[in-house]
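For ligands, and for the atoms within them, numbers begin at 1 and follow the listed sequence.
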Amino acid sequence: MVTLPPLLLAEKYFKMHPDELDPIWGNPCDDPRHRKIWANNKTCDSLPQFLVIGPQKTGTTALYTFLTMHPTISSNKPSPETFEEVQFFNGKNYYRGLDWYMRFFMPENTSIDQRNVSVNVEESVKKPILFEKSATYFDNELVPRRAHALLPKSKIVTILISPSKRAYSWYQHMRAHNDPVALNYTFYEVLTASSTSPRNLRDLRNRCLNPGRYAQHLERWVSYFSPQQLLILDGDELRNDPVSIMYRLQQFLQIDPVFDYSSRLRYDKTKGFYCQVISQNKNKCLGRNKGRNYPPMDAKSAKYLQVYYTSHNGLLLKLLKRLDQKMPMWLKEEYGQAS
Ligand code: A3P
């Protein structure tokens with residue numbers, strides 16, 4: 001038998017199987033062969049049990065914040081690069097590997113190499129339910145496959161608002177971040193950018209419009225995860241009645257006893273949103289960048305978006321029925337008006 005030194009052998013292998021060049025991290029704890037060769041000092045308790053996948057601008061920060069108030073739910077530690085979001089399954093972080101990801105879910109002062117210490121700590125305290133929220137996961141083509149390979153049993157939570165409102169909120173978000181394209185073009189100009197428009201204008205159009213093709217993205221998720229693993233929340237309900245949403249989410253996550261949010265969340269008149277109750281007269285609301293003040297959408301853009309999203313909303317309606325998920329009011333209204 002002829003063989004080669006390891007590096008040359010690897011080069012030869014990947015020349016023969018170029019489709020395998022991109023790694024897919026499986027869950028070492030689910031595969032006895034991996035478990036066998038995995039270092040003894042590694043733990044299976046440092047991976048999330050559920051993911052909040054976005055999309056962006058649907059209320060993901062509010063949901064994240066409410067979840068972190070829960071006594072038995074813990075999020076990842078914040079990432080210094082992406083603020084609170086880890087953004088592992090999309091982009092370059094995926095190539096940093098499993099140890100990098102799992103560090104975000106280790107108890108404080110514990111590293112992968114100190115597993116024996118962490119086991120003792122964990123034994124004395126009830127293990128929290130771990131989750132990660134990265135709002136960019138929802139519409140990324142690679143994420144469902146990667147998330148399923150690593151976390152096949154995890155639950156997936158997504159929030160949907162009217163895709164038109166989402167698109168406008170994203171445009172306003174970019175303006176607030178002084179994005180020159182968003183500052184120089186009206187919303188209608190962004191929406192109607194064509195193949196002859198400048199590249200950066202087309203890019204902004206895509207980022208406003210594409211995540212809102214909800215059914216197309218959700219189909220990718222349901223091709224990997226079963227309908228029972230998926231919860232689709234209505235962002236309007238999260239905004240107007242977060243207590244009920246948090247109750248439904250806990251039922252979905254099978255959390256017992258259910259944590260009652262009714263005395264922990266309160267509508268704040270100044271902010272115009274629900275906020276965390278701190279004391280009798282004091283609330284803690286999300287920052288100024290969440291729940292921004294901006295003028296209402298112009299009629300021309302609203303009409304454009306209504307037409308643009310009609311077929312996508314129709315597909316979403318069918319998909320939600322198929323998945324036996326609750327139908328958001330905004331979808332019934334928007335699709336009813338358009339069809
Ligand atoms: P706007 O700022 O456009 O109003 P995300 O956190 O996914 O980026 O979503 C931001 C959106 O969350 C905000 O968009 C706001 O409408 C919505 N939201 C829902 N509940 C909220 C809350 N309790 N506080 C602030 N914003 C909330």
Side-chain angles (χ1 to χ4, degrees), residues 51-70 75-76 78-79 82-87 90 131-140 143 156-179 182-183 187 190-191 204 207-212 214 217 231-249 261-278 282-298 301-302 305 328-330:
L51 300 175
V52 178
I53 59 170
Q56 288 168 297
K57 309 318 296 172
T58 56
T60 58
T61 314
L63 186 68
Y64 169 87
T65 308
F66 301 159
L67 281 167
T68 57
M69 292 163 59
H70 197 289
S75 79
N76 54 279
S79 161
T82 52
F83 305 101
E84 83 269 18
E85 295 193 347
V86 182
Q87 299 188 0
N90 57 313
F131 82 102
E132 188 219 331
K133 183 277 272 188
S134 288
T136 46
Y137 287 167
F138 178 81
D139 53 304
N140 185 291
V143 173
I156 305 294
V157 179
T158 178
I159 313 167
L160 305 182
I161 58 169
S162 148
S164 307
K165 276 195 200 161
R166 200 217 72 86
Y168 190 48
S169 174
W170 179 257
Y171 170 76
Q172 293 297 343
H173 171 87
M174 295 307 278
R175 279 177 71 88
H177 280 82
N178 291 324
D179 176 70
L183 290 176
F187 186 48
V190 173
L191 295 177
L204 181 59
R207 294 188 73 191
C208 282
L209 292 176
N210 289 354
Y214 294 144
H217 303 299
L231 180 66
I232 301 172
L233 294 174
D234 176 358
D236 284 351
E237 225 180 311
L238 174 68
R239 178 181 172 152
N240 300 323
D241 185 9
V243 173
S244 302
I245 285 281
M246 295 314 288
Y247 180 79
R248 207 144 75 77
L249 179 52
Y261 279 87
S262 60
S263 56
R264 274 104 178 176
L265 295 175
R266 177 163 63 201
Y267 184 76
D268 186 289
K269 277 194 195 139
T270 316
K271 176 78 179 169
F273 286 91
Y274 274 81
C275 301
Q276 204 174 327
V277 174
I278 298 295
K282 207 170 161 211
N283 301 328
K284 188 172 174 217
C285 298
L286 299 188
R288 268 192 307 176
N289 58 346
K290 300 293 169 186
R292 291 190 171 98
N293 282 319
Y294 43 76
M297 196 190 305
D298 64 284
S301 298
L305 287 169
M329 194 54 86
W330 60 260

Protein contact to [atom] [nearest heavy atom, distance to 0.1 Å]:
atom: atom 23 (N) of ligand 1; answer: Tyr274 O, 2.9 Å
atom: atom 13 (C) of ligand 1; answer: Gly291 N, 3.6 Å
atom: atom 18 (N) of ligand 1; answer: Phe273 CE2, 3.7 Å
atom: atom 14 (O) of ligand 1; answer: Ser169 OG, 3.7 Å
atom: atom 9 (O) of ligand 1; answer: Gly59 N, 3.0 Å
atom: atom 7 (O) of ligand 1; answer: Thr60 OG1, 2.6 Å
atom: atom 8 (O) of ligand 1; answer: Lys290 NZ, 2.8 Å

Does [X], backbone or side chain, put an N or O under 3.5 Å from an N or O of ligand 1?
X: Ala62; result: no
X: Gln56; result: no
X: Phe66; result: no
X: Arg292; result: yes

With sequence neighbours left out, the residues meeting side chain to side chain contact (heavy atoms under 4.5 Å, CB included) with Gln276 are Thr65, Met69, Lys284

So that I know where these two stand, are Phe131 and Tyr64 an aromatic pair - ring centroids less than 6.0 Å apart?
yes

Using ring centroids (six-membered ring only for Trp), state whether Tyr168 and Phe187 fall under 6.0 Å. yes

Those residues at least two apart in sequence (or on a different chain) that pass side-chain hydrogen bond (donor to acceptor under 3.5 Å, both in side chains) with Thr158 are none

With heavy atoms and a 4.0 Å threshold, my read on which part of Thr61 contacts ligand 1 is both

- In terms of side-chain heavy atoms, does Glu132 have a donor or acceptor partner in Ser134 at a distance below 3.5 Å? yes

**Request:** Verify the distance criterion only: is there a donor paired with an acceptor across the side chains of Tyr137 and Gln87 at less than 3.5 Å?
**Result:** no

Would you check if Val277 and Lys282 make a side-chain contact, meaning some heavy-atom pair closer than 4.5 Å? no

Is there a side-chain contact between Phe66 and Leu238 (heavy atoms, below 4.5 Å)? yes

In ligand 1, the atoms that come under 4.0 Å of a heavy atom of Leu286 are 24 (N), 25 (C)

Atoms of ligand 1 under 4.0 Å from any heavy atom of Thr58, numbered from 1 in the order shown, are 7 (O), 9 (O)

Against ligand 1, does Tyr294 come closer than 4.0 Å with any heavy atom? yes

Does ligand 1 have an atom under 4.0 Å from some heavy atom of Gln172?
-> no

Distance col, row Asp236:CG vs Ile159:CD1, nearest 0.5 angstrom, shows 11.5 Å

Problem set entry | Backbone of Asp234 reached by a side-chain donor or acceptor of Trp330 within 3.5 Å | no

